[in-house]
Amino acid sequence: ATVVATFRRETGYPSLSDQRELVVREEFARLIQPEVLSVIDPSDIRRIYSSQRYGFTGPMAGLKAFLRDATSAEYDRLLESLHFLLWGDGEDAARIDELLEGERRIPGLGESVMVKLLALAHPDEWVPIFPAKGAMGKIHMLELLDLEEPHGTRGEVQVASNRAIYRRLNRY
């Protein structure tokens, strides 16, 4: 609580810029609702993941190339995979793993983009920290919050670290 109070005092959180990010999140979230996702334009997908608004996933050259070169059938497969990720049955970790390593794998579609989409679609469950590793990742955040690092598949690590961070910070 003391650290959060210091953060708010030193940053002025929530600022007008923070409020604008919530508006962007709502705009992006509308684009990935089930009824819209089935007909979303590739430029809107590119805008969501490449935008520095509501978090930056990085340039994602592989996904950019896929979207540029995809046949109609490949693009439909991407949309089906995204629908499965965001709105499918089963555990989030299993769906993430399926898109990373299973039959639903899409070239260039990695964890950061998947988690950004999950955070947009399900803001009451997912924190907008997209990679698991690295200086801006969930594992580093766990260290800062003095929380234990989870183990398992990439999907399991994403879900467990997300839940731990969410539980710790949600009350603030």
Check: residues 129-147 side-chain donor-acceptor pairs under 3.5 Å, at least two apart:
from : atom 1 : to   : atom 2 : distance (Å)
K138 : NZ     : I129 : O      : 2.4
K138 : NZ     : Q158 : OE1    : 2.7

Joint cluster assignment, W87 & F84, ILVMFWY side-chain distance < 4.5 Å: yes

Gap between atom CG of L117 and atom NE2 of H122 - 0.5 Å precision: 10.0 Å

Atom of P128, atom of A119 and distance for their closest heavy-atom approach: CA-CB, 4.1 Å

Straight-line distance of M114 CE to W126 CH2, nearest 0.5 Å: 10.5 Å

Heavy atoms from other residues, nucleotides or ligands near CD of E91 exceed 12 (cutoff 6.0 Å): no

Residues R163, E125: salt bridge by 4.0 Å N-O rule: no

Any side-chain heavy-atom pair of F28 and S51 under 4.5 Å: yes

Note, L109 side chain near F66 side chain (heavy atom, < 4.5 Å): no

side-chain contact (heavy atoms from CB on, under 4.5 Å) evaluation trace for S50 with K64: CA-CA 9 Å; S50 66; K64 181 179 180 181; over 6 Å; no

All salt bridge (charged side-chain N to carboxylate O under 4.0 Å, His left out) counterparts of R25, not counting sequence neighbours: none

Side-chain heavy atoms of E98 within contact of R105, under 4.5 Å: no

Distance, nearest 0.5 Å, that separates CD of Q52 from OG1 of T57: 9.5 Å

CD1-CD1 distance between I45 and I32, expressed to the nearest 0.5 angstrom: 10.0 Å

Exam field: side chain Y75 to backbone D69, donor-acceptor pair closer than 3.5 Å: no

Atom CD of Q19: over 12 foreign heavy atoms under 6.0 Å: yes

Separation of L86 CG from L118 CG (nearest 0.5 Å): 5.5 Å

Y172 side chain vs A1 backbone, donor-acceptor pair below 3.5 Å: yes

Partners passing salt bridge (charged side-chain N to carboxylate O under 4.0 Å, His left out) against D92 (at least two apart in sequence or in another chain): R95

Salt bridge (charged side-chain N to carboxylate O under 4.0 Å, His left out) partners of E156, counting only residues at least two apart: none

Atom pair OG1 (T71) and CG (D76), whose distance is rounded to the nearest 0.5 Å: 8.0 Å

Hydrophobic cluster partners of F7 (side-chain heavy atoms under 4.5 Å): Y13

Co-membership, hydrophobic cluster, residues V127 and V159, 4.5 Å side-chain: no

Any side-chain heavy-atom pair of I96 and R154 under 4.5 Å: no

Transitive ILVMFWY side-chain link L31 to V23, under 4.5 Å: no

Closest contact, heavy atoms only, P150 versus A160: CB-CB, 3.5 Å

Test item: L67 and L78 side chains (from C-beta on) under 4.5 Å apart, heavy atoms: yes

Hydrophobic cluster membership, I48 vs F56, 4.5 Å side-chain cutoff: no

Qualifying salt bridge (charged side-chain N to carboxylate O under 4.0 Å, His left out) pairs, either residue in residues 40-53, two or more places apart: E21-R53, E27-R47, D44-R47

Hphob cluster co-occupancy, V157 + L99, side-chain heavy atoms under 4.5 angstrom: no

